[in-house]
Structures are given as C-alpha cells and as structure tokens.
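Since the structure comes first, as structure tokens, the remarks are kept for the end.
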Amino acid sequence: MRLHGAIALCLLAAACQSKATNGSTTPPVVQTPTNVPANVSHGEAPVGKGTAAAPISAAAPPRSTQHLHRVRLEISNATIVLAPNVNYEAWTFDGKVPGPFIRVTQGDTVDFTLVNRAMMPHSMDFHAAEIAPSKYYVNVMPNDSIHYRFVPHVPGVFLYHCGTAPVAAHIANGMYGALIVDPVTPRPAAKEFIFVQSEFYLDSAVAGKPRSLSWERLLGLAPDYVVFNGRSAQYSENPIAVKAGELLRLYVVNAGPNRFSAFHVVGGIFDRVYVDGSQHSPLEGVQTVAVPVGGASIFEIRLKEPGDYPFVTHAFADATKGAVGIFRAGGSGKP
Ligand SMILES: [Cu+2]
C-alpha cells in the first residue's frame, strides 16, 4: 500500500506541477493504479490459502525395486485443461500431459511398447537410451505399435518425447514426459518432486471448442502459456506442502519446445545442482541454473524457515504466463 501511496503522490505532484506551469485552475486528475499486485513476493499468479492437491501431482514416483520394467504407453488425443476455462486438444501419451513419470535404476532393462491410437504417425525418443534412432525412433502408424528394449546406463533425469516431424508441433501439443534413472547407490533420502516445464501456443478461440496449436505463434516463439506439469500456475493456486529444513530434491525437465528455463527458488539457494543430471561435480551454492530445452537437472535445496517460497523460471515473461509455483514450508523438518 505504501507503494501505491508513493505512486499516487508522484502522479499528484506531476499534475500540480502541470497546473503551476500552465496556470490552469482545473483540479488535478490523480490516476489510481488498477492492478493491485498480490501481497506476496513474485505473486505472478493467485496464491492459494491451503495446500490442497493440485490437478496434476508433482510428487516423484518412489525408487524402483524391480530390474525389468514393462512400460506400455498409448498415444491418443485428449482434451486437457491449461487454465480455468482454457481447454486444449492435446496429443498425449496415456491421455495426460506430461505423460507418465517413469523411474528405473541404472542398469535396469526397460521393455517398452508404444501403441498408437491416434490418427497420424507418432514415435518415441527416450533421452535416457543409447540406441540407434534409425532403428527405434521410427514412426508408428495409426492402430499400429512398436516394441523395443533398452538399458539406461547413465543416472539422471531425462526427457522422453515424440520425435515425429515436425517435432516442434508434436512437443507443443503435449507429447513428452520424464524418466528418472537412479544411481545404483541411492541418493540420500529427500522429499522429491518432478517439474516438467513446457509451452503452449494457442489458435483463436472458437466458442464451445478446445483450443489447438497455432503453428504461426510457435514459429514466432510467442507462447500463450508456459507451465509446470501441463497446467498454468497450478502449484500457486495449490501450494506444495513441505517442511522447513528438510531436504527437497527437484527433478526439473524442460520439454520446451522453445524456451530455456532459468530455474530458481525465491528465498533459497540450491545446496547442489546436478547439471543435466550428471553425477559428476555438482554445482554447490547456486541461485539460478538454466535448464535447456531437451535437458533436465536435479536440484537439492533446504528452505531455512517456515513460509511461502515461490519457484519460477526467472525469465519473468514466462513466469507471468504460468511457470510459477509455491513451496509452503511449515513446521521444522530439521536440521
Ligand atoms: Cu507425435
């Protein structure tokens, strides 16, 4: 409110000065700001009062205990909700955006089947795999399927996505997800979350119909929404409950298709960041780390005291378009 008062005083002073110089006796017009900013740091979106579950959970799946993972994904079109009253006709893995979060351990076998229930060719590219794209990342025709196996040898967190051309359109329509590859020696216990950042480019609204992709806006790099886990600002409207002092581990994946993420937690400094998931030489004591499109990093942080801590891409046009959430730290989770 003090800010508003200062703005009003400045405007008043300008008007008075104008009166003094032009000699008019017309009462000064004082403009009042109409957009009242949320009374919370980085309140780019409405902040919910409680900690109700968000529409799409950010909880990471638990570490796996099996060594053979039969993963079967079905491709289909599905209407998703990008924001209140904004529906989008998405292309999906298993009817959701992002697709299912998958978790395996280094050296496990992934036995993968992709079934195409949509009306056009699609495919699958696992960044965690080291196999020949010309053999496996090939188009699967409607009502057809493909089956292959791979062994992830490198721990980290990895993007998976449809690789059918034009890839930008398939990703912009929602065809991506995250695969965690745990090291054989488990990481220290932590509360773990996955955030997949991505963009949506909308065509014109037609009454009663979900929105769909605007290719022109995509090529113009002008997203309408930039989101974590497929929905604008869902973790601001439904803050994520954590405890002050406990170790948080964030698997942050950038599906794009175009925008870098400048991942940052307001009010915190990362203890360690495993850049692009690499086990080697994590960054220590860093504030903001870029996650490139097609990349993913593992962030570890402890929030020092109870309170609300926004997490954002610090590219603030994108945060304003929905890439913002809140960690709501309560009670002590030591140390
Ligand atoms: Cu596709």
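In this text, all values refer to a predicted model and were calculated from it rather than measured experimentally. When a ligand or atom number is given, it counts from 1 through the structure's own listing order.
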| query | Have His122 and Asn139 got a donor and an acceptor in their side chains that come within less than 3.5 Å? | reply |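 Short answer, no.
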| Under the ring-ring contact (aromatic ring centres under 6.0 Å, His included) test, which residues partner Phe299, sequence neighbours left out? |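 By the ring-ring contact (aromatic ring centres under 6.0 Å, His included) rule, Phe299 matches Phe263, Phe270.
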| Around the Cu ion (ligand 1), how many protein N, O or S atoms are there at under 2.8 Å? |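 For the Cu ion (ligand 1), the figure is 4.
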| Under the ring pair (Phe, Tyr, Trp, His ring centres under 6.0 Å) criterion, do Phe93 and Tyr160 qualify, and how do the steps go? | CA-CA 10 Å; Phe93 293 113; Tyr160 69 74; 5.8 Å; yes
| field | Gln106 (side chain) donor-acceptor with His153 (main chain) under 3.5 angstrom | value |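 Such a contact is found between Gln106 side chain and His153 backbone.
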| message | Using ring centroids (six-membered ring only for Trp), state whether Phe195 and Phe311 fall under 6.0 Å. | response | yes
| said: Aromatic contact between Tyr88 and Phe200, with the criterion being ring centroids under 6.0 Å apart: yes or no? | reply: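 Ring centroids of Tyr88 and Phe200 are less than 6.0 Å from each other.
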